[in-house]
Amino acid sequence: MDKPDKMFLIYYVLHFLASFSNSINNFISWFAMALTDILCIHDLEKAAQGMLSQPILDYFNDGSGDGVALMENISAFEKYKIRPRILRNVSNIETKKRALGSTMSFPLAIAPTAMQCMAHEEGEKATARAAARANVFMGVSTFATTTLEDIKQSGDCLCDNVYMLQLYIFKDRHTTEILVKRAESAGYKAILLTCDTPRLGNRHSMIRNNFRLPSHLQLPNFDQYIGKEKLGDVKYPNTTDDNITWDETLLWLRSLTKMEIWLKGISTAEDVELAVQSSANITGVIVSNHGGRQLDSALSTLDSLSECVKAAKSKDKSFQVWFDGGIRKGCDIFKALALGADGVMIGRAVLWGLTMGGEEGVFKALSILKAEFELTMALSGCRTLSDIKSSNLARKAEGGFFTRL
Ligand SMILES: Cc1cc2nc3c(=O)[nH]c(=O)nc-3n(C[C@H](O)[C@H](O)[C@H](O)COP(=O)(O)O)c2cc1C
Ligand SMILES: O=C(O)C(=O)c1ccccc1
C-alpha cells in the first residue's frame with residue numbers, strides 16, 4: 001500500500017468511528033484531516049471518492065453527455081501560463097474584496113450546489129459555518145436539503161456573512177415568489193437566477209443509476225409543491241419553467257425584491273450586453289456552464305470569459321463579471337482574475353470537502369485555495385488584486401508556443 005492509500009485508510013477508520021457520536025464528529029474530522037495530510041483539492045477529491053455511494057458520487061462529479069465540457073473547464077486553465085514579475089515588494093499581500101455591500105477575505109464565493117445533506121449529515125449548515133469562518137460568501141441552492149433560514153442561522157451563530165439564494169423559477173410562480181420573499185426577509189443579499197437550465201442536461205449516470213434523493217432527506221424550501229419522488233428523474237423539467245425571458249421574467253423578478261439580481265450561466269458577449277442593458281437593474285453575471293452539467297459541447301467557461309468581460313466592461317465598468325467552472329487550484333483563481341473576472345465561485349471542491357469532513361472539510365478546501373492564491377500572487381509579483389493583469393498571462397498558440405496577452 002503506498003502512502004496516500006494508507007493515509008485515506010486511516011481517514012476512513014476515523015470517519016467510521018466518528019459516525020457513532022455527533023459530539024465528537026467535528027473533533028475527529030479536524031484530527032483526521034491533520035493526520036491525513038490533505039494538501040490540495042485533489043486530495044479532498046480522492047478522499048471523498050471512497051465515502052459516497054456510486055449514485056451520489058456520480059451525481060456530484062459527472063458532467064452531461066460524454067463529459068467534454070466538464071473536462072475542458074479544467075484543461076482550459078493549462079492553455080494559459082503565468083508570467084511572473086520579480087523584485088516587487090510582496091511582503092503585505094492584500095486579497096480582500098468588496099461586493100454586495102460587504103467584504104470577503106478573497107475573491108471567491110461558494111457556488112450553489114443542490115442537496116448537500118447527501119455529502120454529510122450536516123449538509124448546508126456545515127458549509128455555512130465554514131463559509132462564515134473563512135469569510136467567504138455562500139450561494140444557496142433552491143434544491144438545498146435545509147431551509148434557507150436554517151442555513152443562514154447556522155453561519156450567523158459564528159459571524160455575519162453574505163448569503164445569496166440561487167433561484168430556479170418554477171412553473172408555479174407563486175412558489176417562486178414565496179421563496180424570493182423568504183430569502184429577503186431572512187437577510188439574503190442577492191438572487192442568483194440560474195439561466196442555463198431550462199431543462200436538465202443529459203446526465204447519463206443519473207439515468208443509469210436511477211438517481212433519487214435518499215428517502216431520509218427533504219427539499220424543505222419548496223417540497224410542498226414538488227414531491228421529492230419527482231426529483232432527479234426526467235420530470236425535473238416539468239416543475240421548472242422553460243419559458244423564462246429577458247423581458248417578462250426579469251422584470252417580474254425585479255418587481256418582487258430589492259435584493260441584487262445576478263444572472264448565472266451566461267457564456268456569450270451578446271447575453272452579457274442584454275444583461276447590462278436590462279431595465280431589471282442586474283448587478284452582474286456569473287460566467288458559467290453549470291460545471292459542464294448542462295449543454296453538451298459547450299465552450300469551456302475560461303474560453304467564454306474574455307468576450308464576456310469585454311462586453312460588460314466596455315459598457316459599464318462597475319458591472320460585475322464573476323466566473324465558475326473547473327477551479328481546483330489557487331493559480332486557477334489567479335488566471336480567471338487576470339482574464340478580467342471580478343471573482344470566482346467553486347462547486348465541487350466544496351462538496352468534496354463537505355463529504356470528507358463536514359464543516360472542517362469545507363473550511364480546509366477554502367483555506368487551501370486561499371493559501372494557494374496568495375502564494376501565486378506573491379510569486380507573480382502581485383501585491384494587490386488590481387496588480388493582477390492580463391499581461392501576467394501567456395496563452396498557448398498554434399504550434400504549442402506560448403505568447404503573452
Ligand atoms: C452536484 C452539483 C449540484 C449543483 N447544483 C446546482 C444548483 O442547484 N443550482 C445551480 O445554479 N447550479 C448548480 N450547480 C452548478 C454550480 O453552481 C457551479 O456552476 C459549478 O459546480 C461550477 O463548477 P465546478 O464544480 O467545477 O467548480 C451544481 C453543481 C454540482 C457539481
Ligand atoms: O444538478 C444540478 O446541477 C442541478 O442544478 C440540479 C438541482 C436540483 C435537481 C436537479 C439538478
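Remember, it's 1-based here, ligands and their atoms both numbered in the order they're listed.
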I'd like the contact residues of ligand 1, where contact means a heavy atom below 4.0 Å.
Tyr59, Phe60, Ala111, Pro112, Thr113, Ala114, Ser141, Gln166, Tyr168, Thr194, Lys264, Ser288, His290, Gly291, Arg293, Asp324, Gly325, Gly326, Arg328, Ile346, Gly347, Arg348, Leu351
Parallel, tilted or perpendicular: which fits the ring planes of Phe222 and Phe143, with parallel below 30° and perpendicular above 60°?
perpendicular
Can you pull the side-chain hydrogen bond (donor to acceptor under 3.5 Å, both in side chains) pairs that have at least one residue in residues 249-259, sequence neighbours excluded?
Glu184-Thr257
In ligand 2, which numbered atoms sit nearer than 4.0 Å to a non-hydrogen atom of Tyr59?
1 (O), 2 (C), 4 (C), 6 (C), 7 (C), 11 (C)
Would you mind telling me if ligand 2 is within reach of the side chain of Leu200, the backbone, both or neither, using heavy atoms under 4.0 Å?
side chain
Short list, please: which atoms of ligand 2 are under 4.0 Å from a heavy atom of Ala114?
7 (C), 8 (C)
Counting each atom of ligand 2 from 1 as listed, which ones have a heavy atom of Tyr168 under 4.0 Å away?
4 (C), 5 (O)
Going by salt bridge (charged side-chain N to carboxylate O under 4.0 Å, His left out), name the residues that satisfy it together with Lys313, two or more places apart in sequence or in a different chain.
Asp342
What atoms in ligand 2 come closer than 4.0 Å to a heavy atom of Arg293?
1 (O), 2 (C), 3 (O)
Cationic tip of Arg129 above Phe363 ring, under 6.0 Å, 45° of axis
no
Side chains of Gln116 and Thr113, donor plus acceptor under 3.5 Å
yes
Could you check Ile282, Asn281, Leu274, Val276 and say which one makes a side-chain contact (heavy atoms from CB on, under 4.5 Å) with Ser278?
Ile282
Which of the atoms in ligand 2, numbered in the order shown and given with their element, are less than 4.0 Å from a heavy-atom of Arg203?
1 (O), 2 (C), 3 (O)
Can you tell me if NZ on Lys125 sees more than 12 non-hydrogen neighbours from other groups inside 6.0 Å?
no
Give the intermediate values and the outcome of ring pair (Phe, Tyr, Trp, His ring centres under 6.0 Å) for residues Phe137 and Tyr163.
CA-CA 6 Å; Phe137 298 178; Tyr163 298 84; 9.0 Å; no
Which segment of His290 sits under 4.0 Å of ligand 2 when only heavy atoms are counted:
side chain
Name all residues meeting the side-chain hydrogen bond (donor to acceptor under 3.5 Å, both in side chains) criterion together with Asp156; count only those two or more places apart in sequence or in a different chain, and write none if there are none.
Lys152
